[in-house]
Amino acid sequence: MRIVIDMQGAQSDGSRHRGIGRYTGTFAATLASLRKDHEIILAVNGAYKESALEVQTCFKPLLPPKSIRVWYP
């Protein structure tokens, strides 16, 4: 199964370290570590440059590079 997670909740300055931001990051990390045969794709908003790099760095050990997709609005 292919699962795409929108990481914007974990990227914005207002919610990155609170509520939905922490939930999104923890949820994505848990799914990535338990993925087995499932394909996990993280959709990262490139407009948040600093946090986009942070997401890529944090998930590098858990997912292959092609699974972290940066998009620009």
Side-chain angles (χ1 to χ4, degrees):
M1 179 185 318
R2 178 178 293 156
I3 302 167
V4 179
I5 302 170
D6 181 352
M7 294 300 291
Q8 288 182 96
Q11 289 187 262
S12 69
D13 291 331
S15 59
R16 188 160 131 184
H17 300 291
R18 302 181 303 178
I20 192 67
R22 288 192 338 203
Y23 175 82
T24 303
T26 302
F27 178 75
T30 302
L31 278 182
S33 66
L34 300 172
R35 67 188 165 106
K36 295 185 182 180
D37 294 330
H38 302 293
E39 180 183 10
I40 307 293
I41 297 172
L42 304 182
V44 179
N45 186 338
Y48 298 110
K49 293 176 186 176
E50 181 183 316
S51 62
L53 290 173
E54 187 178 312
V55 169
Q56 290 173 319
T57 302
C58 289
F59 283 90
K60 193 176 231 178
L62 298 173
L63 294 170
K66 68 177 185 164
S67 293
I68 302 171
R69 312 252 176 104
V70 180
W71 62 275
Y72 296 89

key: Closest heavy-atom pair and its distance - G9, S15   =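 Where G9 meets S15 most closely, the heavy atoms are O-OG, 3.2 Å.
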ask   = Shortest non-hydrogen contact from A10 to G21?
value =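 Looks like CB-O, 3.6 Å.
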ask   = Other than L34, what residues sit in its cluster of Ile, Leu, Val, Met, Phe, Trp and Tyr side chains whose heavy atoms are under 4.5 Å apart, directly or through others?
value =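 Cluster partners of L34: none, it stands alone.
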query = Under the 4.5 Å side-chain heavy-atom rule for ILVMFWY, direct or indirect, which residues accompany M1?
reply =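 Noted: M1 shares its cluster with I3, I5, M7, I20, Y23, F27, L31, I40, L42, V44, V55, F59, L62, L63, I68, V70, Y72.
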query = Would you say S67's side chain and I41's backbone share a donor-acceptor pair under 3.5 angstrom?
reply =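 Looks like no, no N/O pair under 3.5 Å.
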inquiry  = Is a donor from one side chain sitting under 3.5 angstrom from an acceptor on the other, for Q8 and N45?
reply    =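 Indeed, the side chains of Q8 and N45 share at least one donor-acceptor pair under 3.5 Å.
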ask   = Pairs in or reaching into residues 19-46: which pass salt bridge (charged side-chain N to carboxylate O under 4.0 Å, His left out), with residues at least two apart or in two chains?
value =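 Sorted pair list: R2-E39.
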